[in-house]
Number of protein chains: 2
Amino acid sequence: MAIEVPTRAAVVVPSAAATSVLTPLGGPNVRVSGGFWEERLRTNRERTIPRGFDQLRAAGNLANFSLAAGATGRYRALGEEIGLVFPFLDTDLYKWLEAAAWELGRGPERALALAADEAIVLVVNAQRADGYLNTFVQVVAPGREYQDLAWGHELYCFGHLIQAAIAWQRALGDERLLDVAIRAADAVDRELGPGRRLAVDGHPEIEMALVELFRTTGERRYLELAARMIEARGEGRLGSGRFGSAYWQDHAPVRDAPTVAGHAVRQLYLDCGAVDVATELGDAGLLDAVVRRWKDMVATRMYLTGGLGSRHGDESFGDPFELPPDRAYAETCAAIGSVMLAWRLLLATGDRTYADVIERTTFNGVLPGTSLDGLSFFYVNALQRRTERAANKPGHGEREPWFACACCPPNVMRFVSSWPQYLATADDGGVQLHQYATTEIDAPVAGGTVRLATETAYPWDGNLRVTVLEAPERPWTLSIRVPGWCRTAAVRAPGGERVQLEPGSRDITETRSWRPGESLTVELDMPVRVTEPDPRIDAVRGCVALERGPLVYCIETADLPDGVQLEEIELEPGVAPVTLPRPDIAGSLVGLAVHARRRRDRRTGVRDEGGASEPARTAKPDQAAEAPVEIGAVPYFAWANRSVDAMRVWIPRSSPAGDGRRDDEDHDRG
Amino acid sequence: MAIEVPTRAAVVVPSAAATSVLTPLGGPNVRVSGGFWEERLRTNRERTIPRGFDQLRAAGNLANFSLAAGATGRYRALGEEIGLVFPFLDTDLYKWLEAAAWELGRGPERALALAADEAIVLVVNAQRADGYLNTFVQVVAPGREYQDLAWGHELYCFGHLIQAAIAWQRALGDERLLDVAIRAADAVDRELGPGRRLAVDGHPEIEMALVELFRTTGERRYLELAARMIEARGEGRLGSGRFGSAYWQDHAPVRDAPTVAGHAVRQLYLDCGAVDVATELGDAGLLDAVVRRWKDMVATRMYLTGGLGSRHGDESFGDPFELPPDRAYAETCAAIGSVMLAWRLLLATGDRTYADVIERTTFNGVLPGTSLDGLSFFYVNALQRRTERAANKPGHGEREPWFACACCPPNVMRFVSSWPQYLATADDGGVQLHQYATTEIDAPVAGGTVRLATETAYPWDGNLRVTVLEAPERPWTLSIRVPGWCRTAAVRAPGGERVQLEPGSRDITETRSWRPGESLTVELDMPVRVTEPDPRIDAVRGCVALERGPLVYCIETADLPDGVQLEEIELEPGVAPVTLPRPDIAGSLVGLAVHARRRRDRRTGVRDEGGASEPARTAKPDQAAEAPVEIGAVPYFAWANRSVDAMRVWIPRSSPAGDGRRDDEDHDRG
């Protein structure tokens, strides 16, 4: 018996014909009811999203739509103030609208609904009779429609419009935006569809939106248009621009390119669309190409935090193992794009590995992009900050309330709003839990509906209790991911003994006729891990990182004794840090107490006592000048919420005494 | 008795009133007659400069001047092909003309003289009646004179025009360009001089040129205009642009800014002008400010190669100790600017330290920017290349024959042409040798003229013989720098014994009544040095570099045994490399033979044998899997002249067996 999908209130909803292995549950079916994520979701709903609307109004994004509708005034493309023009400001509003849809779908909120109504009216009124809608082109460059696909971001804007529209339809049954989106998609199809000009946008995004529009409307033209754009890429249509054709993934066909390349967000969004097309068309070759790229990317170009993109200049992936912590770009949007891609691959394949990367990236790649109070943002997520700040690089120093190019904040808003969708899936055979959170879940299985309650203090401890509240009589399988970071875990099924899991287990599965009230408990051991980098990562050689559970930790100046500089700190091998509650930072936050060594400050390389200057090198460390020091570490996502000073994730390890590494090896002395 | 300067055929010629300590010798007074530099100078003269003229013609730089003079055609600002416009292409020709002047001053060369004549006529004809001359503004933006000082580079162009004109006057007595330059400088003075608008250019350069124009013409207005521009900087007149006001050193007054900041070439050129102004005005405070910045820069922001500028995006200095080898920007022009600045500081103070940095930077920061055949160039000088190339970044991969923004190649041409000027100085008391080269030197001292011959195989060995060919009767002092890298040296004066120098000596000085035919010999011990980085340079922790004499060495894939990857190589502590002649690369080139270890290739961090992907980390090295391997190293300046593959200057050092560093420290296993 085929099970009807209970709700389509999700970002990704494969059609019945798709080759996906797992079936998503909509947001309303997975209700976060407490714990870590309840607080993050509440902050997003009550603080980040309302403030976001204020920022959009202040930045002129709303007014731009009025201008496109015929009002008079000056168009605002904020970048002009720094010598750039950003033609994609419309998407900031579309992403905010998407967030508003998921929030209102979870429950009414009058102020939010009024703000969203205002925005929707603006969007509706700005659309031209022929379906075209792009405030920049309509106001600033009329007549230039589809003329600058490389840099103009028109299709990118359409993509976000479509995604917002689908969220409103799926979460609330509100089709005002969907009508706009369909007319816009039809306009694009008339311009660039079969028999017309074969073209792609410099910034992928519309591909995944069109697939979802197909999934929502059943109109196959949209899927075909998406597939057409995926296939057209990689043949040099966009030219080489300033950064080469790989910048916009136009250097090699999507099904051939062996590795990720170019602008990280563009690559990730493109591969999202490719997976969507592949699963709808049953195109195993296309799916394999994405999987191959993804595996290589994770193994060679992903920061410990899940961050992606090593270079500032072109916001690109670096070479393999080019992962500098200080100059990490690791754009918040790239982390979100990575979760979006891993989620599509998880649905397509059922492979738990993708859920591991979602977990790592969400905690350590996405969350650090927002302050704990929800009101300021990082665009760039460095893994190290020296004491001296990058003062001459606006937006890349401390978290800021908004940006000239404000892609990240509203992306965070829509992502956090949709986070419950990423926690679990369900199918005929049962329910699959992918992430650890305190929730209530409704899921259809063969024979009826399962209702579960999950309880956990995750990520602060590794215990999870799953209680069945309601279930059909016939057997079904509860399946729970064992995180990739976990080395030892135990499980206790209802009425059973505590059983240690086999090493290497990726799944806990319990198939039975569950009765209401029965519980299964999982215990994941969560010791502090001292992680060594791959030796091919030059930038962190000789360092270690501290991890616990899904969290990467970091050391900030605020957690050093007075007068100690972070650059003097080395970790002592073999002494494991211990946990330490840190209510001073956030209620339940668990920090670490770390036994370290303080290296005495050394003079910069000098040749003689007279102080002749030479490039920083050949310092002669004083072996006696190390002292033990007790310091703290906090989760990386919580950094820069106190004084903003030095920080580092990768920490030099001190060498054991007497290993000779500190000897003067400058052979011309001898 | 005041000694008249024998020739003014030099880039920098302080006036008689300047507070400079040392007096430069002109190019014709220091004739490179053999050895290393003879070959580099010949290559520059016979190959680089002629090819440069062809490139300038092909790129349209020459034609742009015709357009400004009234011809019709399309203006070429090459960057347009990559989505940028470069309004400073005139300077490429001016720098080439400067190189041509120094070369023709050393000796006639018909083809070069004809090319230069063609160029000079173009420049003369392009100048407007009012003295204004800027092909971009005249052709593309007429009426916009001095309207975009932040980005327009107009004064920067004037500066290079003036420098070329001065070279023609000093080297050849040819005043055709000087007339143009004086009329241009007068035009600038009418626009921006005392009583007019107070303004500075986004790219410093005109300041040092105006001081030299004062030195050449005696017209004090030019010195005052330069001083006015130095003093006007740092008050925010340029706005913050895309990169903040520090990008163009407009964030703090020149005499206050404590550290170098922003765009490296801009900072270095600015400080050149500041030193020139300070010495002419006897402004000790201004000089001190530059010295303070310089010392901090060398100690915290200079690569081992002398390279400057850690960041690609804004071509800027990074934070202190932010010195990534792979992503080093280290623009060739910045190295040249650094030598120009150190030379001015050496003249101003007499401190040998500046000559040390000139040596380090010239061999390892400037020379690598040009191929050994003199026909292709690096703009960016990375200290490491992984096997995978930065294929999507034009101009930043392999050496190229020219660039859209071609500032570096003609800067190399004029710098190498003027290199003999940097070798020695002279004053009443004697002759000061700053660099080691095979030369003939004429110098005025009290009582007559000294003629010297110097002979050396430097940088391949450290022996120098100085023979007096002619000298006045009265005593004078021969003074020779002992390089900062040198730990042990000996000297033998005429008729004397071989004497070991005191450790820490910076100078060899011998005062006597020299007779023709007498020789002094210097022996600098030149062992291979294994250099450790300052522990605050995170990017090269756990690595060492190989140096010998003034040269930094590197390892290229071509010098590894077949099948060995550079990423597998570690250096064994305590085993010093030995020298090895490498005639296969260049006649007299001395490479190194290095005893290293090959680390077995390790799988990227995986959690279980099933191959679950996680970010590159927690690789478990196999302690037994290291094998000794013999490899080669070559001077860094000579890299990328064979197959272009992986390269590194900083090489991981293998840890001694049994030090515990390789243990599995992932505590959650235990």
Side-chain angles (χ1 to χ4, degrees), chain A residues 82-83 241-244 246-247 262 295 298-300 302-304 312-313 319-322 324 326 353 386 388 392 394 484 487 504 527-537 539 541-542 567 573 576 604-605 607-608 612-619 652 656 659-660 665-669, chain B residues 82-83 241-244 246-247 262 295 298-300 302-304 312-313 319-322 324 326 353 386 388 392 394 484 487 504 527-537 539 541-542 567 573 576 604-605 607-608 612-619 652 656 659-660 665-669:
Chain A
I82 55 169
R242 290 178 58 180
F243 302 117
Y247 172 74
K295 286 184 173 169
V298 172
T300 68
M302 181 173 275
Y303 282 98
L304 190 67
H312 282 241
D319 290 336
F321 306 106
E322 181 191 318
D326 49 352
T353 303
R386 293 187 176 77
E388 180 155 331
N392 62 345
R487 303 290 166 82
V528 179
R529 306 193 300 284
V530 179
T531 301
E532 289 202 59
D534 187 290
R536 288 167 293 189
I537 307 176
R541 177 171 288 108
E567 67 178 23
T604 303
R607 174 175 165 277
D608 59 6
S613 292
E614 288 237 300
R617 64 186 185 95
T618 54
D659 75 345
E665 283 224 303
D666 210 323
H667 291 286
D668 56 352
R669 281 195 188 239
Chain B
I82 55 170
R242 289 178 60 178
F243 302 117
Y247 171 73
K295 286 184 173 168
V298 172
T300 69
M302 181 173 274
Y303 283 98
L304 190 66
H312 282 242
D319 290 337
F321 305 106
E322 180 191 319
D326 49 351
T353 303
R386 293 187 176 78
E388 180 155 331
N392 61 345
R487 304 290 165 81
V528 179
R529 308 194 298 284
V530 180
T531 302
E532 287 202 61
D534 188 290
R536 289 168 290 190
I537 307 176
R541 177 171 287 107
E567 68 177 22
T604 303
R607 175 175 167 276
D608 59 3
S613 292
E614 289 236 298
R617 64 186 185 95
T618 54
D659 76 344
E665 282 224 303
D666 210 321
H667 290 287
D668 57 352
R669 281 195 188 241

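Each chain gets a letter, A, B and so on, in the order the sequences are listed, and its residues count up from 1. Since the model is a prediction, treat every value here as computed from it, not as a measurement.
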Discussion item. Restricting to non-hydrogen atoms, name the atom on B:G542 and the atom on A:R541 that form the minimum distance, rounded to 0.1 Å.
Written reply: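 Scanning both residues, the minimum pair turns out to be O-CD, 3.9 Å.
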Worksheet item: Looking at CG of A:D534 and CD of B:E567, how far apart are the two atoms once the value is rounded to the nearest 0.5 Å?
Response: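 Spacing of CG (A:D534) from CD (B:E567) equals 8.5 Å.
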Item to complete: Could you walk me through whether B:E322 and A:R386 pass side chain to side chain contact (heavy atoms under 4.5 Å, CB included), step by step?
Response: CA-CA 9 Å; B:E322 180 191 319; A:R386 293 187 176 77; 3.6 Å; yes
